[in-house]
Amino acid sequence: MKEIIFQILKKAGITLKEEELEKLLEIPPSSELGDYSFPCFILSKKEKKAPDKIAEHLAQKIKLPIEIEKVENKGPYLNFFVNKKILAEKVIGINANFGKLPLGKNKKIVIDFSAPNVGKPMHIGHIRSTILGDSLMRIYNFLGYNSIGVNYLGDIGLHLGKLIVAYELWLDKDALKKNPVQELLRLYVKFCAKEKSKITEGVEEEFQDNEWTNRAKEKLKLLELGDKKTEKIWHDIRKSSEKGFNKVYEMLNVDFTETVGQSEFSEHGKKIITNALMNKIAKSEKDGAIYVEVDGQKKFILRSNQTASYITYDIGAAVERNKKYNFEKMIYVTDFRQKDHFDKLFKILTLLGYDFSDKLIHLGFGTIKFGNEIIATRKGDIILLEDVLNKTIEKAEKEIKKRKTKGDAEKVGVGAVKYIVLKSSPSADVQFSWEQALNFEGDSGPYIQYSYARASSIIRKAGKFNKSKINFDNLNSHEINLVKKISSFPEIVQKAEESLNPSLIANYSFELAQLFNEFYHACPVIGDESEAFRLRLVDAFRTTLKNSLYLLGIEVMEEM
RNA sequence: GCCCUGGUAGCUCAGCCUGGAUAGAGCAUUAGCCUUCUAAGCUAAGGGUCGCAGGUUCAAAUCCUGUCCGGGGCGCCA
């Protein structure tokens with residue numbers, strides 16, 4: 001539609017380039033003023049005339065194609081009114097593929113997300129990477145890319161040393177079987193409590209020298225050395241832990257292409273670093289620690305005791321993934337605090353001679369806050385992700401019972417949580433509160449799902465589409481608003497992909513649902529003289545909303 | 001100290017990239033609407049120095065500079 005207006009303006013003798021026109025063309029604050037607007041200020045200098053005179057002149061001069069029904073000058077603005085009949089006709093003709101584009105044919109996008117730490121439970125803070133990453137995968141797939149979701153488990157590190165110690169001392173086997181997450185958390189918290197009394201304040205964990213921390217370090221070393229007994233415990237912890245993760249992923253309906261422990265990249269990472277040392281790209285400190293210089297600073301990539309550190313694994317993993325997938329892009333979805341780490345990682349890869357680091361992107365997201373607290377596993381006073389989901393599902397059950405309808409409580413509850421996470425843009429912090437999570441009214445997941453169910457109800461009751469001839473004359477404002485909103489869906493999806501921002505789709509879904517509810521309230525469908533058109537409009541709305549929510553990983557129901 | 005973020009209604013946020021017409025939602029508050037396709041809905045009202053100060057511009061919530069307040073990063077941790 002924009003292109004059509006550009007053509008009109010060009011024909012009217014405006015010599016601006018298309019990109020400039022693209023920037024200038026805007027949508028008026030009120031639809032009564034028009035659907036698109038061209039401000040004429042910019043021309044007033046060139047033509048040395050007042051902008052409102054220019055607008056007036058242009059309005060008279062312009063010849064309109066069929067897609068535009070009228071043009072008006074209003075002050076300095078030239079306002080275009082699109083032909084609603086043609087737009088409406090297009091909209092009711094959409095199908096389930098609406099919004100899909102073959103942009104990413106044969107292109108692979110690797111998305112590294114979720115990445116929980118083995119042994120620790122998933123809490124409300126982990127939800128963001130998981131849900132964001134899942135949504136990005138869906139968006140890329142929708143646009144024809146082949147997206148590959150990688151769950152990069154934190155299966156190594158001091159917290160595992162601590163857990164192994166605790167496991168040997170206090171494990172309750174039955175409890176582990178019954179509720180692995182709860183038992184592992186109990187062990188971890190118990191260890192931290194013991195350790196805490198011995199900790200020297202202000203000293204970093206690495207340099208703590210006390211009975212408890214040292215025991216954990218000892219276990220970690222045994223693990224690296226391949227001690228059988230320690231390894232067995234480690235495997236057991238990982239297995240139990242994954243059981244817990246999988247339960248959550250099942251509830252969230254999140255799938256990964258591969259799940260892999262970061263420890264698996266230790267050897268490869270070290271090999272790369274050894275080569276770099278030989279090629280003098282990396283240098284060695286006297287004590288054996290290896291570093292490269294990045295931005296004039298030493299960045300260590302192997303520890304003095306020759307064990308791998310975080311970045312060692314990441315180097316190995318990145319190189320291996322590039323080889324395995326030959327990706328177009330790889331996106332790391334993590335907390336924004338890791339920004340520097342990833343910036344350095346990308347630079348180091350370039351220094352090491354790899355040419356794919358410009359394909360790597362770090363999508364950093366803000367913190368989830370609960371009240372004013374930031375959640376820490378250490379203390380154990382955390383809100384488990386599972387509990388959050390269970391609580392919203394419970395609330396949904398209650399609501400469904402109250403209404404005596406057939407809704408699916410899990411879909412409603414999970415949808416509510418996903419929507420809260422996705423509706424704010426990734427970079428922003430998210431305020432999480434029970435009040436908000438359990439409020440299913442207004443700007444919420446259930447509100448949107450509800451509007452879908454209402455639409456479905458109409459279609460169901462109508463039975464068949466009314467076959468009488470559709471009359472596109474006399475569309476009312478509710479119908480037009482809905483038509484316009486539906487027609488803008490493809491743009492929104494593309495924008496969300498370009499900016500890696502599913503919140504655009506979340507906001508769109510809400511606005512779309514809102515317009516539908518207004519329409520629903522004002523326009524009877526069944527039995528009305530516009531039934532033929534309205535039924536199809538309702539159906540187009542359903543299709544669009546379903547696609548839109550699909551991209552957020554939120555499921556719809558025919559009834560709720 | 002250096003770097004990254006954020007500051008818009010009582011609360012939670014959108015708009016900022018790409019400057020344009022009276023700054024938008026939701027929650028909460030108040031007042032209405034269920035004999036009509038699901039009231040998880042709709043309608044209406046109140047509520048704003050867009051942190052502050054300069055600058056650029058015909059035009060600034062939006063761009064630039066400075067400043068104040070909050071969050072974060074600057075480990076051989078992950």
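Quantities reported herein were computed from a predicted structural model and do not represent experimental measurements. Protein chains get the first letters and strands the later ones, always in sequence-line order, with residue 1 at the start of each. For the numbers below, each heavy atom of this structure counts, side chains included, while hydrogens, waters and symmetry mates do not.
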- Task: Remember a base hit wins even if backbone is also touched, and classify A:Pro51 as base, sugar-phosphate or nothing at under 4.0 Å, heavy atoms.
- Result: nothing
- Using a cut-off of less than 4.0 Å, is there contact between a side-chain N or O of A:Arg337 and OP1 or OP2 of B:G71? no
- In whole angstrom, give me the gap between the C1' atoms of B:G71 and B:U65. 23 Å
- Message: Rounded to whole Å, how long is the line connecting atom CD of A:Glu559 with atom P of B:C37?
- Response: 15 Å
- Message: What is the separation between atom CD on A:Gln262 and atom P on B:C77, rounded to the nearest whole Å?
- Response: 11 Å
- Does any nucleotide pair with B:G26 by Watson-Crick or G-U wobble geometry, both distances under 3.5 Å, and what is it? B:C11
- Message: Please give the distance between the C1' atoms of B:G73 and B:C11 as a whole number of Å.
- Response: 29 Å
- Query: For atom P, what is the distance between B:C27 and B:C50, given to the nearest Å?
  - Reply: 25 Å
- Message: From CZ of A:Phe365 over to P of B:C4, roughly how many Å is that when rounded to an integer?
- Response: 21 Å
- Item | Nucleotide of B:G26, B:A14, B:A21 approaching A:Asn79 most closely (side-chain heavy atoms) | B:A21
- Message: For B:G75 and A:Ser309 - does any side-chain N or O of the residue sit under 4.0 Å from the phosphate oxygens OP1/OP2?
- Response: no
- Now, which nucleotide makes the Watson-Crick or G-U wobble pair with B:C42, with each of the two distances under 3.5 Å? B:G32
- In whole angstroms, the gap separating C1' of B:C4 from NE2 of A:His362 amounts to 12 Å
- Message: OP1 or OP2 of B:U38 versus the side-chain N and O atoms of A:Lys461: is any pair under 4.0 Å?
- Response: yes
- Give the nucleotide from the list B:C58, B:U38, B:A21 with an atom nearest to the side chain of A:Leu33. B:A21
- Between B:G26 and A:Gln514, is there an OP1 or OP2 to side-chain N/O distance shorter than 4.0 Å? yes
- Nearest to the side chain of A:Gln436 - B:U38, B:G73, B:U12? B:U12
- Item | Upstream residue (5' side of RNA chain B) when A:Pro446 and A:Ala428 are each assigned their closest nucleotide | A:Ala428
- Task: Run the salt-bridge test on A:Lys391 and A:Glu394 with the 4.0 Å N-O cut-off and return the result as yes or no.
- Result: no
- Message: I want to verify a distance call: between B:G72, B:C42, B:A21, whose nearest atom is closest to the A:Pro29 side chain?
- Response: B:A21
- Message: As a test of reading the structure: which of B:A39, B:U22, B:A78 is closest to the side chain of A:Tyr520, going by heavy atoms?
- Response: B:A39
- Message: Roughly how many Å apart are B:G66 and B:U5, using the P atom of each and rounding to a whole number?
- Response: 15 Å
- Message: What's the gap between B:C64 and B:A25 when it is taken at their C1' atoms, as a whole Å value?
- Response: 30 Å
- Does a distance-only test, which skips hydrogens and angles, find a donor-acceptor pair under 3.5 Å between the side chain of A:Asp287 and the base of B:C76? yes
- Task: For the residue pair A:Glu195 and A:Thr213, confirm or rule out a side-chain donor-acceptor distance under 3.5 Å.
- Result: yes
- Rounded distance (Å) that lies between atom P of B:U12 and atom CG of A:Asn439: 15 Å
- Nearest-nucleotide check on RNA chain B, A:Glu441 vs A:Lys298; residue mapping nearer the 5' end is A:Glu441
- Task: Just name whichever nucleotide pairs with B:C63, Watson-Crick or G-U, keeping both distances under 3.5 Å, else none.
- Result: B:G55
- Looking at every strand, decide which applies to A:Ile400 at a 4.0 Å heavy-atom threshold: base, sugar-phosphate, or nothing. base
- Please report, rounded to the nearest Å, how far the P atom of B:A78 is from the CG atom of A:Asp340. 17 Å
- A:Tyr450 side chain, from C-beta outward: closest of B:C27, B:C77, B:A39: B:A39
- Task: Name the nucleic acid region contacted by A:Tyr310, choosing base, sugar-phosphate or nothing; use a 4.0 angstrom heavy-atom cut-off, strictly under.
- Result: base
- Quote, to the nearest angstrom, the C1' distance that separates B:U62 from B:A14. 13 Å
- Task: Searching all strands shown, indicate the nucleotide that pairs with B:C2 (Watson-Crick or G-U wobble; both distances under 3.5 Å).
- Result: B:G73
- Test: A:Glu242 and A:Arg238 ion pair at under 4.0 Å: yes
- Item | Whole-Å gap separating P (B:C3) and NZ (A:Lys344) | 14 Å
- Query: Can you tell me the Watson-Crick or wobble partner of B:C16, both distances under 3.5 angstrom?
  - Reply: none
- Which of the following nucleotides, B:G71, B:U38, B:A21, is nearest to the side chain of A:Phe336? B:G71
- Query: Base of B:C16 relative to its sugar, syn (within 90° of 0) or anti?
  - Reply: anti
- Message: Are more than 12 heavy atoms, taken from residues, nucleotides or ligands other than A:Lys299, located less than 6.0 Å from that residue's NZ atom?
- Response: yes
- Message: Here's a test for you: under side chain to side chain contact (heavy atoms under 4.5 Å, CB included), which of A:Pro426, A:Ser135, A:Ser427 qualifies with A:Asn501?
- Response: A:Pro426
- Closest to the A:Asn517 side chain, choosing from B:G41, B:G26, B:C74: B:G41
- Query: Do A:Tyr310 and A:Gln338 have side-chain atoms, one donor and one acceptor, less than 3.5 Å apart?
  - Reply: yes
- Tell me whether the guanidinium CZ or amine NZ of A:Lys298 lies under 6.0 angstrom from the six-membered ring centre of A:Tyr291 and within 45° of its axis. yes
- Nearest to side-chain heavy atoms of A:Lys74, which nucleotide of B:G41, B:A21, B:C37: B:A21
- Task: Give one of base, sugar-phosphate or nothing for A:Cys40, where a contact means two heavy atoms less than 4.0 Å apart.
- Result: nothing
- Identify whether any heavy atom of A:Glu26 sits under 4.0 Å from a base atom; if not, whether one sits that close to sugar-phosphate; answer base, sugar-phosphate or nothing. base
- Message: Measuring only the P atom in each nucleotide, how far is B:G51 from B:G15? A whole number of Å is fine.
- Response: 15 Å
- Would you kindly say whether A:Asp155 and A:Ser263 are connected by a side-chain donor-acceptor distance under 3.5 Å? yes
- If the C1' atom of B:A53 is compared with that of B:C68, how far apart are they to the nearest Å? 10 Å
- Out of B:G73, B:A21, B:C37, whichever nucleotide has its closest atom nearest the side chain of A:Val525: B:C37
- From CA spacing to verdict: side-chain hydrogen bond (donor to acceptor under 3.5 Å, both in side chains), A:Tyr450, A:Asn517: CA-CA 10 Å; A:Tyr450 177 67; A:Asn517 277 328; over 6 Å; no
- Task: Specify the separation, in whole Å, of atom CG of A:Leu160 and atom C1' of B:C77.
- Result: 13 Å
- Query: So, is A:Ser424 close to the B:C13 phosphate, meaning a side-chain N or O under 4.0 Å from OP1 or OP2?
  - Reply: no
